[in-house]
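Step one of this worksheet: look at the structure below.
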Amino acid sequence: MTDIKAIDKKYVANTYARFPVQLVSGKGAMVLDENGKEYIDMGTGIGVTAFGFADEELKKAVFAQLNLLQHSSNLYYTEPCALLAMGLCQRTGMKKVFFSNSGAESNECAIKAARKWAAEKKGSEYYNIVTLQDSFHGRTLTTLAATGQSQYHELFQPLTPGFIHAPANDLEAVKAASLQHNTAAIMIECIQGEGGVIVMDRNFVTQLADFCAAEDILLIVDEVQTGNGRTGSLFAYMQYGIMPDIVTTAKGLGGGLPLGATLLGEKVEFVLGAGDHGSTFGGNPVSCAGALSILNRLDAEFLADIRKKGEYIFSQLNGAPGVESVSGMGLMIGVKPIKPVDKVLESCREMGVLCLTAKNKLRLLPPLNIPMDTLEAAVDTIKAACTE
Ligand SMILES: *Cc1c(COP(=O)(O)O)cnc(C)c1O
């Protein structure tokens with residue numbers, strides 16, 4: 001048998017510490033490895049395969065579009081791109097969408113829009129963007145600069161200038177940082193994903209939104225991980241009752257196909273004009289057709305079901321033996337085990353449940369449509385892994 005792991009180790013750039021598992025095929029929340037071992041998928045890539053593997057509706061939408069056009073440049077109109085933009089705007093109240101292929105790119109577009117808006121409205125010295133410590137906004141040099149985790153920065157200096165990091169959930173510190181510098185925008189995640197499934201306080205977010213409105217500073221919410229139903233609302237910011245100026249998303253949007261989106265609100269609707277920004281692959285009709293099949297299923301009843309499943313996980317694991325704490329919203333949950341998290345992750349994998357980690361927590365991002373009995377089995381395994 002061809003040793004895929006050896007070939008991968010030899011030829012694929014060494015940027016990922018892969019688990020010793022080759023994934024071969026999946027159906028819904030179940031996935032098979034190269035030895036035919038079956039796992040429950042509690043990671044969905046990293047919050048990407050929102051309706052699980054080989055989802056019938058996604059396949060139908062994608063195959064239909066593949067039979068028409070797999071690509072068109074952005075010099076032409078296509079139906080899936082236009083309909084997805086309309087759907088996202090109608091569901092959020094945002095005004096326009098720029099499509100790209102990833103989370104980092106969706107943030108790049110937000111940063112460019114914020115800088116151009118501020119330069120025109122407030123002056124070219126207003127280029128700074130305040131982000132939070134322990135945030136994660138991507139791996140390009142600019143989104144790395146936005147990311148408030150210095151361990152990612154050290155080897156890649158100089159990064160794009162103009163980013164200031166302030167402590168999360170500390171309103172006064174974020175206000176002070178914004179007022180000390182000439183600030184175009186403040187960018188936050190409502191729940192820091194890579195940062196350890198840290199939920200922002202309600203008061204912090206609502207008062208920050210008020211501050212931004214009063215000071216005419218743009219509020220950018222990075223919903224790359226929290227968006228598209230993950231937290232039990234279409235976007236997490238909706239549960240805070242705020243209206244951002246820019247929302248970025250990717251991960252679950254395309255259901256597994258690469259797609260990023262930058263949603264532009266009223267203040268910045270017309271900031272980017274022809275030639276200001278672009279992407280060869282952005283708004284790919286196949287990805288957009290897939291995304292439409294996802295978005296159309298995220299209705300009120302389905303979102304309520306996500307919240308119910310999240311509450312189930314919470315109630316089962318919060319205070320369980322071997323569990324120090326549980327955080328998160330909807331089906332984005334962090335579990336801090338008493339044992340080292342890597343050990344728990346490995347035990348889960350051995351017992352047939354694939355999870356993720358974020359800092360010292362187990363991170364759970366299961367398919368949004370995971371059947372209840374499958375979820376129960378996964379939670380039982382996680383409990384066992386935390387105590388064994
Ligand atoms: C994953 C992530 C990104 C980066 O997305 P890529 O698609 O890997 O570029 C940006 N922001 C947040 C909040 C993320 O979770």
Side-chain angles (χ1 to χ4, degrees), residues 13 15-17 43-50 98-114 129-149 152-153 156 159-160 163 165 168 185-200 205 219-231 233-237 240 244 246-263 279 281-284 287 290-291 294 327-334 356-359 361 363-366 368:
T15 55
Y16 305 104
T44 53
I46 302 176
V48 169
T49 49
F98 177 85
F99 288 114
S100 55
N101 315 285
S102 66
E105 285 171 281
S106 71
N107 286 330
E108 288 272 348
C109 174
I111 291 162
K112 282 179 72 174
I129 297 185
V130 175
T131 69
L132 302 181
Q133 288 169 7
D134 281 333
S135 59
F136 186 85
H137 299 296
R139 300 281 196 167
T140 64
L141 283 173
T142 296
T143 56
L144 206 55
T147 293
Q149 303 191 53
Y152 291 132
H153 293 174
F156 304 103
L159 301 178
T160 306
F163 291 91
H165 307 118
I186 297 174
M187 175 153 75
I188 65 165
E189 297 156 90
C190 289
I191 305 177
Q192 295 184 327
E194 307 304 312
V197 195
I198 311 291
V199 181
M200 292 302 110
V205 174
L219 179 61
I220 305 172
V221 180
D222 177 343
E223 298 252 11
V224 170
Q225 191 162 157
T226 51
N228 315 297
R230 176 54 57 190
T231 68
S233 52
L234 184 59
F235 290 99
Y237 77 79
Y240 289 84
I246 303 179
V247 177
T248 65
T249 194
K251 290 201 166 92
L253 177 64
L257 300 172
L259 186 61
T262 308
L263 281 55
S279 165
F281 286 116
N284 173 275
S287 297
I294 303 283
S327 62
M329 269 160 62
L331 287 174
M332 178 171 181
I333 291 191
L356 297 162
T357 60
K359 297 258 189 283
K361 290 180 184 166
R363 179 171 34 154
L364 309 178
L365 303 170
L368 304 178

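In listed order, ligands and their atoms are each counted from 1.
Judged by distance alone, the side chain of H137 and the main-chain N or O of A145 form no donor-acceptor pair under 3.5 Å. Of the possible donor and acceptor atoms, none in the side chain of Y237 sits under 3.5 Å from a partner among the backbone N and O of V247. Remark: the backbone N or O of L365 is paired with a side-chain donor or acceptor of T44 at under 3.5 angstrom.
Surrounding OH of Y152 are more than 12 heavy atoms belonging to other residues, nucleotides or ligands, all under 6.0 Å away.
Residue L141 comes nearest to F156 through the heavy atom pair CD2-O, 3.9 Å, listed as atom of the first residue, atom of the second, then distance.
Listed by chain and number, S102, G103, A104, N107, F136, H137, G138, E189, D222, V224, Q225, K251 each place a non-hydrogen atom less than 4.0 angstrom from ligand 1.
Here F98 pairs with H277 under the ring pair (Phe, Tyr, Trp, His ring centres under 6.0 Å) rule; sequence neighbours left out.
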